[in-house]
Amino acid sequence: MDFNQKVWNSIKKIPKGKISTYKLVAKKIGKPKAVRAVGNACNKNPFSPLVPCHRVVKSDGSIGGFAFGKKKKIELLKKEGIQVKKGKINGFEEKVYYE
DNA sequence: GTCGTGACTAGCC
DNA sequence: CGGCTAGCCACGA
């Protein structure tokens, strides 16, 4: 199991309507300091529709970025039932998912 | 083997 | 609240 695989696998488990943070994902795979690597994995993730990388945001609730554009990411989140306010998740602390 | 880059984080000013 | 710095990890050239 490669590092990226772990990242994608963890993100895949995020249920619809919920989100997670890079730090959480990194911590879950046993490398809480690999937040940068996690972001890298998501950006290069070849499973765009399979891996909901758009449900992963920064630790402070901000969007961060997205390969298809932050705007697109926000739209997707809103579609999932997650409200975004000024580039930040609306009440993300209550929607954060961590096994 | 080394360097640069990135969807990051935490600390400090 | 905004900006800067250092530390962190993986990947490609």
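Below, read A as the first sequence line, B as the second, and so on, with proteins coming before strands; counting in each chain starts at 1.
Dashed line: the shortest gap from a side-chain N or O of A:S59 to OP1 or OP2 of B:dC8 is not under 4.0 Å.
Heavy atoms of other residues, nucleotides or ligands lying less than 6.0 angstrom from NZ of A:K71 number 12 at most. No more than 12 heavy atoms of other residues, nucleotides or ligands shown are found within 6.0 angstrom of CZ on A:F68. Within 6.0 Å of atom NZ in A:K18, more than 12 heavy atoms from other residues, nucleotides or ligands are found, so the atom counts as buried in its surroundings.
Within 3.5 Å, a donor on the side chain of A:N40 pairs with an acceptor on the base of B:dG6, or the reverse. In the interface, the side chain of A:R36 is paired with the base of B:dC8 through a donor and an acceptor atom under 3.5 Å apart.
Taking only side-chain atoms of A:Y22, from C-beta outward, the nucleotide of C:dC9, B:dA7, C:dC11 with the closest atom is B:dA7. Here B:dA7 is the nucleotide among C:dA10, C:dC9, B:dA7 with the atom lying nearest to any side-chain atom of A:N43. For A:C42, counting side-chain heavy atoms from C-beta on, the closest listed nucleotide (B:dA7, C:dC9, C:dA10) is B:dA7.
Atom-to-atom, CZ of A:F3 to P of B:dG6 comes out at 18 Å; the value is rounded to the nearest Å. In this structure, NZ of A:K70 is placed 10 Å from P of B:dC8, rounded to the nearest angstrom. One can place CZ of A:F66 at 9 Å from C1' of B:dA7, the figure rounded to the nearest angstrom. What separates CG of A:D60 from P of C:dG2 is a distance of 11 Å, to the nearest Å. Atom CD1 in A:I63 sits about 18 Å away from atom C1' in B:dG6, given to the nearest Å. Across the protein-nucleic acid pair, A:K88 atom NZ and C:dC1 atom C1' stand 10 Å apart, rounded to whole Å. Following rounding to the nearest Å, A:K6 (NZ) and C:dA10 (C1') show an atom-to-atom distance of 13 Å. The nearest whole Å value for the distance from the CD1 atom in A:I19 to the P atom in B:dA7 is 19 Å.
One finds the CG atom of A:L50 at 8.5 Å from the CG atom of A:N45 (value rounded to the nearest 0.5 Å).
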Kindly list each side-chain donor-acceptor pair under 3.5 angstrom involving residues 79-88 of chain A, sequence neighbours excluded, with atom names and distances?
residue, atom, partner, partner atom, Å
A:E80, OE1, A:R55, NE, 3.0
A:E80, OE1, A:R55, NH2, 2.5

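Nearest-nucleotide positions on DNA chain C place A:V35 closer to the 5' end than the other of A:D2 and A:V35.
Counting non-hydrogen atoms under 4.0 angstrom, A:A34 reaches the backbone sugars and phosphates but no base.
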**Prompt:** Reading DNA chain C 5' to 3', what string of ( ), [ ], | and . shows its pairs, if Watson-Crick and G-U wobble pairs count only when both distances fall under 3.5 Å?
**Reply:** .||||||.|||||
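The two residues A:V57 and A:S62 make their nearest non-hydrogen contact at CB-O, 3.2 Å.
Residues A:Y22 and A:S59 are not in side-chain contact: their nearest non-hydrogen atoms beyond the backbone lie 4.5 Å or more apart.
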